[in-house]
Amino acid sequence: MGGTVRDRHDADPDAPLWRASQVFRLVTLAYAVSSQISTVPNYTRPELSWFFIAVLAGWSVLSAVLLSRGTTQRWKVVALDQVVAIALMGATRIVADPEWYSNHQTMPTTLWVANAVLSAAVLGGPAAGTCSALVMATVSAVVRDQINLDLWRDATAPVLVAVGVAMGFATVTARRAHRQLEQAVRMAAATEERDRLARQVHDGVLQVLALVQRRGNELGGPAAELARLAGEQEAALRMLISEQDTRVDCGDEQVDLRALLRVRAGANVTVSAPADPVLLDRVRAAELAAAAATALENTALHAGPGAKAYVLLEDLGDEVILSIRDDGSGIPDGRLAEAQAQGRMGVSKSIVGRAAWLGGVAVLDSAPGEGTEWEIRVPRVVTRD
């Protein structure tokens, strides 16, 4: 399974589009040659026109191989593709008289020029495809002395722009689908690994710990302490196994907040979270986890010996609520203001400040002898002015 995940990760999501566009390139090559055969009698320099067609054919084959295989940096090939297309359109003026090129399409044909637009769109998305299409349409109009011609009397610009936009959005969609596929494969691999590990641990370590706990309780005395420790380790190990399918990294843009919080769980810290992943932008998730870590550190330092902390994560769809509560000694009235006046900015900056930066709010509820509770509410996505 690991090999499958690695292969998926290394796969090029654009490869099918590159191969398909190069098939189109070779088809348009045949069309350009057939167009040359039918129009060459109208050229003033037919021999030179065949030379340019030979250049067109050679470049079509070479660029098709380089772009489909990805053996070189594709952006270099795409950039040269733009130059070759523009040069061949300009060559129309060398091989034909003004009357001809003013009333007919340029020598490489609009269909073949669309290859340069397709390459730009696959490389850079709809914006790059549209820019290439506008450049090619402008060059065609200049070469044919039709720069002032009504756009709707010539289909060159609309066709090229439509090709660039369509292929650009197809590229964006393919890349998004590839990321989602990678995430699904990683999660499937994690589930399989968790099941394998759970079987091995259950058949060995957990049974031994359960036996030690049972026998220790039966013997009593010093063995009872051993039984307690074995019970804690058994519980911790079971929690670890149950969370093996939780992936911190869920792609290039999002992470699972549950996993970032669960690493804080321990003998005195209980973490509760939804069964389904709580996916957030990587930066937002890290800031929320850091706020929770600050609250837990304050509990460890100030709540008193033996105080326990409880972390609760709630996913409301468009909003995430993170609650951190402890059963410690609480915070006396005015203590936070006093700490801020002394220059100790842990609460105001690490918790309240983080929540405000994320577009949310952090509310503190505490009283002497009643413990402390933080409720941090932040939107899943924030729009800044």
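For this chain, numbers begin at 1 and follow the sequence in order.
- R380 places no side-chain N or O within 3.5 Å of a backbone atom of V320 that could act as its donor or acceptor partner.
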Inset, instruction - With side-chain contact (heavy atoms from CB on, under 4.5 Å) as the test, would you mind laying out the steps for V269 and L296 before giving the verdict? - result: CA-CA 8 Å; V269 178; L296 292 174; 4.1 Å; yes
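- The backbone N or O of Q105 lies less than 3.5 Å from no partner atom in the side chain of T109, so there is not a single donor-acceptor pair.
- In this structure, L160 is not a member of the same hydrophobic cluster as V165, with clusters built from ILVMFWY side-chain heavy atoms closer than 4.5 Å.
- Looking at D327 and Y310, their side chains come closer than 4.5 Å, going by heavy atoms from C-beta outward.
- No donor-acceptor pair closer than 3.5 Å links the side chain of S35 to the backbone N or O of Y31.
- The two residues I376 and A291 have their closest heavy-atom pair at CD1-CB, 3.9 Å.
- Salt bridge present: R377 and E319 bring a charged side-chain N and a carboxylate O closer than 4.0 Å.
- A donor-acceptor distance shorter than 3.5 angstrom exists from the side chain of T28 to the backbone of F24, with no hydrogens or angles considered.
- Annotation: side chain of E375 is in contact with side chain of I321 (closest heavy-atom distance under 4.5 Å).
- We find the CZ-OG distance between R93 and S102 to be 7.0 Å, quoted to the nearest 0.5 Å.
- Considering L118, V122, L67 as possible partners of L17, the one that fulfils the side chain to side chain contact (heavy atoms under 4.5 Å, CB included) test is V122.
- For the pair D145 (side chain) and A141 (backbone), a donor-acceptor distance under 3.5 Å is absent.
- The two residues A121 and G168 make their nearest non-hydrogen contact at CB-N, 3.6 Å.
- Rounding to the nearest 0.5 angstrom, the gap separating the CD1 atom in I94 from the CZ atom in F51 is 10.0 Å.
- When side chains are defined from C-beta on, S119 counts as touching R25, because their heavy atoms get closer than 4.5 Å.
- Distance check, rounded to the nearest 0.5 Å: CZ of R214 to CG of L211 gives 5.0 Å.
- Few gaps surround CD on E225; more than 12 heavy atoms of other groups in view lie less than 6.0 Å from it.
- At a threshold of 4.5 Å between side-chain heavy atoms, the hydrophobic network of Ile, Leu, Val, Met, Phe, Trp and Tyr places L257 and V361 in two separate groups.
- A donor-acceptor pair is defined here as one N or O able to donate and one able to accept, closer than 3.5 Å; no such pair exists between the side chain of D256 and the backbone of L279.
- Side-chain contact between Q82 and M136 is present, with at least one heavy-atom pair separated by less than 4.5 Å.
- Here the shortest heavy-atom pairing between A295 and I324 reads CB-CG2, 3.9 Å.
- Ion pairing between E182 and R179 fails under the 4.0 Å rule for side-chain N and carboxylate O.
- The two atoms that bring S132 and A116 nearest to each other are OG-O, 3.7 Å, heavy atoms only.
- Within 6.0 Å of atom CZ in R45, 12 or fewer heavy atoms from other residues, nucleotides or ligands are found, so the atom counts as exposed in its surroundings.
- Between the OG atom of S366 and the CH2 atom of W374 there is a distance of 9.5 Å, given to the nearest 0.5 Å.
- Exactly one of D81, V143, V139 qualifies for a side chain to side chain contact (heavy atoms under 4.5 Å, CB included) with I86. That residue is V139.
- Checked for salt-bridge contact, D14 and R19 miss the test: no charged N lies under 4.0 Å from a carboxylate O.
- Following chains of ILVMFWY side-chain contacts shorter than 4.5 Å, one cannot reach L134 starting from V159, and the two form parts of different hydrophobic clusters.
- Rounding to the nearest 0.5 Å places CH2 of W100 at 10.5 Å from OG1 of T92.
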Inset, instruction - Could you walk me through whether H104 and T39 pass the side-chain contact (heavy atoms from CB on, under 4.5 Å) test, one step at a time? - result: CA-CA 10 Å; H104 298 82; T39 58; over 6 Å; no
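- In the hydrophobic clustering of this structure, F169 does not group with M167; members are Ile, Leu, Val, Met, Phe, Trp, Tyr whose side-chain heavy atoms approach within less than 4.5 Å, directly or through other members.
- Atom CZ of F52 sits about 11.0 Å away from atom CD of Q36, to the nearest 0.5 Å.
- Residues W18 and V23 do not share a hydrophobic cluster, defined by chaining ILVMFWY side chains whose heavy atoms lie under 4.5 Å apart.
- Proximity of L312 to L322: side-chain heavy atoms (C-beta onward) are nowhere separated by under 4.5 Å.
- Taking the side chain as every heavy atom from C-beta outward, Y43 and M107 approach each other to under 4.5 Å.
- The shortest non-hydrogen separation linking L358 to R284 is O-NH2, 2.8 Å.
- Formation of a donor-acceptor pair under 3.5 Å by the S49 side chain with backbone atoms of P46 is found in this model.
- Remark: D326 pairs with no residue by the salt bridge (charged side-chain N to carboxylate O under 4.0 Å, His left out) rule, at least two apart or across chains.
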Legend entry - K308 and T270: CA distance, side-chain angles, deciding distance, side-chain contact (heavy atoms from CB on, under 4.5 Å) verdict: CA-CA 8 Å; K308 296 185 180 297; T270 301; over 6 Å; no
Inset, instruction - Test side-chain contact (heavy atoms from CB on, under 4.5 Å) on W50 and V95 and set out the steps. - result: CA-CA 10 Å; W50 278 112; V95 301; over 6 Å; no
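- Of all heavy-atom pairs spanning L313 and P274, the tightest one is O-CD, 3.3 Å.
- In this structure, the side chains of V77 and W59 come closer than 4.5 Å at one or more pairs of heavy atoms.
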Legend entry - Stepwise side chain to side chain donor-acceptor pair (under 3.5 Å) check, S60 with W112: CA-CA 9 Å; S60 296; W112 186 88; 2.9 Å; yes
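- You'll find the side chain of E373 stays beyond 4.5 Å of the side chain of L364, heavy atoms only.
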